[in-house]
Amino acid sequence: MGFTVKDDGTVVYREWAPNAREANLIGDFNRWNRLSHPMSKNQYGVWEITLAPNAPGEPAIPHDSKVKISMILPTGIRIERLPAWIHRVTQDLTYSQTYESRFWNPPASERYQFKHRRPPQPPSVRIYEAHVGISTPETRVGTYKEFTKDVLPRIQKLGYNTIQLMAIMEHPYYASFGYQVTSFFAASSRFGTPEELRELVDTAHGMGIIVLLDVVHSHASKNVLDGLNAFDGTDHLYFHEGSKGRHELWDSRLFNYGSHEVLRFLLSNLRFYMEEYQFDGFRFDGVTSMMYLHHGIGTGFSGGYHEYFGSGADDEAIAYLMLANDVLHALCPSVVTIAEDVSGMPLLCVPVSQGGIGFDYRLSMAIPDMWIKLLKHVSDNNWDMGSIVHTLTNRRYGEKSIAYAESHDQALVGDKTLAFWLMDKEMYTNMSNLTPMTPVIARGLALHKMIRLLVHSLGGEGYLNFEGNEFGHPEWLDFPREGNSNSFQYARRQWNIVDDSLLRYQNLNNFDAAMNHLESKYMWLSSPQAYVSLKHDSDKMIVYERAGLLFIFNFHPTKSFADYRVGVDVAGEYTIILNSDDKKYGGFENLTSGGRYMNPTCCRTVPAMDEMQVGVGDTKPAFDNTGWHVMPSPATQRRYWQPGSDRRKKWTRLVILFCVVLFFFCFNTRFFNAHSRWGRKAEELFLTVPNEQSAFTASRRYASKPHLAGTPGDLETAKDFLAHLRKELCIDHDPELPIYAAGSAEAHAATLNISAYTHPTAWINTYYPILNSPLDHSLEILGEDGNPIWTAQLEEVSDGTDPDAAEYATSVLAWHGISRGGEAQGKLIYANYGRKKDYDALVEAGIDFNGKIVITRYGANFRGLKVKRAQELGAAAVLIYSDPRDDGTVTTENGYLPYPHGPARNPTSVQRGAVQFLSLYPGDPSTPGYPSYENSTRVEGGSKPTIPSLPISWTNAKVLLDQIADGKEGPTVRLVNNVEEKITPIWNVFGVIPGHIRTKLSCSATIVMPGFWGLQDPSSGTVSVYEAIRGFGALLRNGWKPLRTILIASWDGEEYGMVGSTEWGEDFADWIREHVTAYINMVPLSKSLIRLLKDRSLWDARSDKGEFFGENVDAEATALYEELESAADNIGINPLGSGSDYTIFLQYIGVASSEAGFTSTLHDPVYHYHSVFDTNHWQAVYGDPSFSRHVAIAKHIGLQVLRLSGDIILPFNTTHYSLQLQSYLDKVEQLVVASSLKVDFTSLRQSIQALQVASVRLDAEKATAEGKLRTILRKLKKRRALKRKLYRKLKKWICKLASHVRKECKAPEDGELTDFMFAFDLI
């Protein structure tokens, strides 16, 4: 419908006007001739005309010329209307207030081309509601251009990730706030052109901000000449006829949602803004009016379902809303839709597929109403804390809400903003830092900050702020109108006052930014609803926990509290990370920001508070209140039994009965529970424990800050994991932490006595390897005179969209672990992946490596091998970079934005990692083959490089590679890599769950603890095992005990060459050989393929192909990926190879090992391995937003552990392993033949064949043993029938005993009988 321009310049115009008898297209192009361009009408009432181009590519209608449709009605009256689907209308007030429609078809050179892709839907929306026209400090209408240039940077700096634009759809009355729309497809021309709006949206996308349109589909302006009203001469074309089609309060027309053409119009309108302007979603205005035939007029909603689904519901409008949401989410899965509904309609924010209306969020309109009522009618010293909390938390379960403290309507003249209600006229006289702080201003600033943070953190799953309210804009909003002489004085935003450092508005602005950035880091909006632990009306205190943060608010107008005790979920040290009383936020700094407070048991003691404080520590999420401690009430009265009582005989009988029954039920329950928690029942219980929210909170805990191996942050992480083991495994908390130095008697006893443990135990072993850390570094291109002509920026750069990356970008310099320190200078040589064949090809081409600097790309082999071969060839140093060609289709070349604005690689990202020669030996280079105690003898290990190396970004590599003209040798480069090498403590954490068979360990479930830092590596693996441990803890609390002992180990320093695992393996190699039967390794998670998964009910992502595709992909990278895929055996399992903590167990000691995790395809978001961009934000947007993968792995490895520890016959298949060994040998022989080497594999092949024979024999023995076991079980089943009789006799005896005290004895239940028989089976 509307105007369509074809590639050759042909223009097709179509319009729906069934009541018209004739129709003609008129305009500047035909000098408004009402007869020259007649239109034809089809059977559906749609008029159409096709206009041939004036010349190829030149439409008959000039760009931006005026057009109209002229129609003759059945009465013979001629009417003229603006085309309903027109894209641009303008107004010239010098001669008329009526809008004129224009044919908008700019030439390609003038049409704005989008440069940025849509950002993904943020996990939590922080919305900045804005009106382009008022976004200027000048007394006029603001423009799209000015908003793009001046306001977007402000919004980004404040930490908002979503913009909601008001008044975009064209509306003739400026003061209507955009809610009286006439031309639905036309962006308001008073702000600029459509191309300038496109630029605004695109620029926001480039900042990582999504843009929502405030769409008005609830009603339309009743204008006739420039609107939809009476478009074809009837009052019922787009609207209901008569009174049903009119809104009595809004004085506007109401759509007929039962008409197919109206649905086409409205749905097309939504798609138009999504595609033409790249809007990311919509805030639907007036949804309450749409969903009810009474439009909410004079109607209250008490919550009864008859109010929502009775005769008052408008089924056609509700169906339209469902259809709109379904269509939008199908067209763009990342779309965000928000409903403005005051009724509380159930299922409003439930997907259409689940029977809901399909919105993503609803506006919590009761919250701003509550604050206005309080500020208008109740003194703040009389505020009811319970009522405030109730309003903030009263929302439908499972339906997300947008919370906001004040609406845009409150800013209008006649009402007041929060700041105005709080400080009123003193805002004009006492907001200068040069004037004394008055009580009104002090209290107003405090409450303004507290109200907004309370709403932000407690009120919903999203947050909204209207433009200017973040800093308490001091004036109301009054659009130009007759009543104010059409003045723009109050139709603007005075940015100058917030930019003035001498005014206190800046304090409020700073607090708003801090609040948003803190949410971006801890993501409380996307966490479950807070657990409110305190609503104290006398003290005016509100305390709650959400997303692992503790929020404390003191609303009391006069009292501060010293040593105030509040409940917390977990004891520990809490740190203030946001304090509204901080001086930079206009406070008095009664609390010290960053202060730490200890909580030794169950309650929190904090120093004096005036406003509020937020603390964060090692807390569990507030939604999980298991383990919540309540102080017991004192015993005020006790009763004692007096000997000699005349009721002594009855008491004696009762005591005897109690002892007998207690013996029976203790006997019965103990053994039955132990039995019922074995096998399938244990697995079923275990699978109910790991969950996404717990994993989310654990991830935030472990990945929120750097924890480089050997640093204080590393030790704190180890202690935190130890505390988790002790809590979940029900280990008594010794006040003295069990941290033992490797080599000490305590350390040896802890491991060697595992077989003797009868209760769960946990401890930390400290080893002392030689590690290095970066001091300083540099990289330069030298000119012919030896002076630098280019210097690299070696650190990663983040713009703040990812707050963790921005905060910690320079916390760990870009360097290689175990790299050689020093300086090198030489000509540059490019060696591709740095494989042996890459180096050999260069040598054959005559390249001399002596004294050269080699640059290679990551991938294809271990980074240490790249350095090793360069060193052997005489190179002076090595540079290793991350090449976008290895990112598959997810590249900027294919149109994807770089992270954090898109899924492609950030060009400044750097991959850290060790360059130790692991092919020689892993672990501490200075103690090869023996453990690194503090006093161990050190040697100059051969596994350390003798030439320096540096990791660099693609940004830097591209500069260097562009200098290699002939593809062989480039300019002279100088690099500096100064490192500090010293003996450094690392901490391995262990937990033991003793089994019935304590001489054998079924497995060692392991996680990789800090090598560097990051969300995926190492923390994602940590999180999955964290969840698995919670599952084991639940089993223990239900009486479970494994058949074989389970050892859980957390290895430190994996990225330094598997130091933690290797040193422990060298320390206890003989003990491991004798006791450990299997080892399970846990690796970081990435999208989207899992390498080991047989239980299809959990997750099977092996067929996943990713989600980001494109035409451009590197052939060599594709070949490498396919080679890796082909390495899997016939059941889809890849060989372990080397490079992770299983190395010491599998390849040195010979323990059966496996590894589980997710990895990526060529079409998944780029994972920034060992980079500062491996963060919570990346995880929330791309890695595993729902944390379902973390939970799937937790369940998977948990089931492996349960089966390895619980099966009577170990589920090993050595035959499959021996056949795979033969397959591997075949491949090795092919490589040998291809290289013309002569190697005799006869003895090795004979050994493999002997293993195959022995394995087949073992399989037969296993089958025989399993058959005998089944026979025994059948006999046990027969014995149970005999034991039933014994149970019944015992039951009768108990009943007879009970009759002495006149107690009724019930017949045994089937379940009781079965339980008892299970108990006797165990005997």
Could you go step by step and tell me if Val543 and Val532 meet the side-chain contact (heavy atoms from CB on, under 4.5 Å) rule? CA-CA 6 Å; Val543 180; Val532 182; over 6 Å; no
So His1168 and Tyr899, would you call those rings parallel, tilted or perpendicular, with 30° and 60° as cut-offs? tilted
Can you list the steps and then say if Asn906 with Val797 is a side-chain contact (heavy atoms from CB on, under 4.5 Å)? CA-CA 9 Å; Asn906 185 297; Val797 179; 5.9 Å; no
Verify side chain to side chain donor-acceptor pair (under 3.5 Å) between Asp802 and Thr1175, making sure each step is shown before the conclusion. CA-CA 8 Å; Asp802 183 333; Thr1175 61; 2.4 Å; yes
Please confirm whether the backbone N or O of Asn516 pairs with a side-chain atom of Ser520, one donor and one acceptor, at under 3.5 Å? no
Any chance you could measure Ile155, atom CD1, to Lys157, atom NZ, to the nearest 0.5 Å? 13.5 Å
Distance only, no hydrogens: is a donor on one side chain within 3.5 Å (strictly under) of an acceptor on the other, for Asp360 and Thr337? yes
Which pair of non-hydrogen atoms, one from Ala530 and one from Arg546, has the smallest distance, and what is that distance? CB-CB, 3.7 Å
Test of understanding: with side-chain contact (heavy atoms from CB on, under 4.5 Å), list the residues that count as partners of Asp380, not counting sequence neighbours. Trp383, Arg443, Leu447, Pro557
Hydrogens and angles aside, do Arg126 and Thr162 bring a side-chain donor and acceptor to less than 3.5 Å of each other? no
Determine, step by step, whether Ile127 and Ile338 satisfy the side-chain contact (heavy atoms from CB on, under 4.5 Å) criterion, reporting the C-alpha distance in whole Å, the side-chain angles of both residues, the deciding distance to 0.1 Å, and the verdict. CA-CA 11 Å; Ile127 304 172; Ile338 302 172; 3.6 Å; yes
Over all atoms of both residues, closest heavy-atom pair of Leu464 and Tyr404: O-CB, 3.2 Å
With under 30° as parallel and over 60° as perpendicular, where do the rings of His724 and Phe721 fit, or are they tilted in between? tilted
Just do the salt bridge (Lys or Arg N to Asp or Glu O under 4.0 Å) check on Arg1037 and Glu728 with the steps written out, would you? CA-CA 9 Å; Arg1037 287 188 288 274; Glu728 293 298 332; 3.4 Å; yes
Run Asp799 and His901 through side chain to side chain donor-acceptor pair (under 3.5 Å) and show every step you take. CA-CA 10 Å; Asp799 62 6; His901 305 300; 2.5 Å; yes
Are Ser533 and Glu545 linked by a side-chain donor-acceptor pair shorter than 3.5 Å? no
Heavy atoms of Met515 and Leu578 approach each other most closely as CA-CD2, 4.3 Å
Heavy-atom pair of closest approach, residues Thr391 and Ile367: O-CG1, 4.2 Å
Which atom of Glu519 lies closest to which atom of Leu525, heavy atoms considered: OE2-N, 3.0 Å
Looking at CZ of Arg396 and CG of Leu348, how far apart are the two atoms once the value is rounded to the nearest 0.5 Å? 9.5 Å
Is it the case that Asn465 and Glu470 place a side-chain donor and acceptor less than 3.5 Å from each other? yes
Where do Ile576 and Asn579 land on the side-chain contact (heavy atoms from CB on, under 4.5 Å) test, with the steps shown first? CA-CA 7 Å; Ile576 296 177; Asn579 176 14; 3.9 Å; yes
Are any side-chain N or O atoms of Ser334 and backbone N or O atoms of Gln121, one a donor and one an acceptor, separated by less than 3.5 Å? no
Answer yes if the side chains of Asn509 and Tyr585 hold a donor-acceptor pair under 3.5 Å, and no otherwise. no
For the pair Tyr160 and Tyr463, name the ring-plane relationship: parallel under 30°, tilted 30 to 60°, perpendicular over 60°. parallel
Output the distance between atom CZ (Phe511) and atom OG (Ser580), rounded to the nearest 0.5 Å. 5.5 Å
Verify, without hydrogens or angle tests, whether Asn394 (side chain) and His390 (backbone) share a donor-acceptor contact under 3.5 angstrom. no
Residue pair Leu422 / Leu375, side-chain heavy-atom distance below 4.5 Å: yes
Please determine, by modelled atom types, if Tyr1167 and Asp1174 share a side-chain donor-acceptor pair under 3.5 angstrom. yes
Assign the ring pair Phe553 / Phe551 to parallel, tilted or perpendicular, where the plane angle (0 to 90°) is split at 30° and 60°. parallel
CG of Asn161 to CE of Met207: how many Å apart, nearest 0.5 Å? 14.0 Å
Salt bridge (Lys or Arg N to Asp or Glu O under 4.0 Å) filter on Arg726, not counting sequence neighbours, yields none
Compute whether any side-chain donor of one residue and acceptor of the other, for Ser694 and Tyr1026, lie under 3.5 angstrom apart. no
How about His536 and Met385: do any of their side-chain heavy atoms sit closer than 4.5 Å? no
List the steps, then state whether salt bridge (Lys or Arg N to Asp or Glu O under 4.0 Å) holds for Lys1195 with Glu1027. CA-CA 8 Å; Lys1195 292 179 177 181; Glu1027 287 299 290; over 6 Å; no
Lys NZ or Arg CZ of Lys400 over Tyr361 ring: under 6.0 Å, within 45°: yes
Residues Arg452 and Glu406 bridged, charged N to O under 4.0 Å: yes
Rounded to the nearest 0.5 Å, how far does OH of Tyr531 lie from CG of Leu550? 13.0 Å
Given side chains that start at C-beta, do those of Trp371 and Leu418 come closer than 4.5 Å, heavy atoms only? yes
Value rounded to 0.5 Å, distance of CG in Asp1184 from OG in Ser1188: 4.5 Å
Can you name the closest pair of heavy atoms from Glu129 and Gln164 and give their distance? OE2-NE2, 3.2 Å
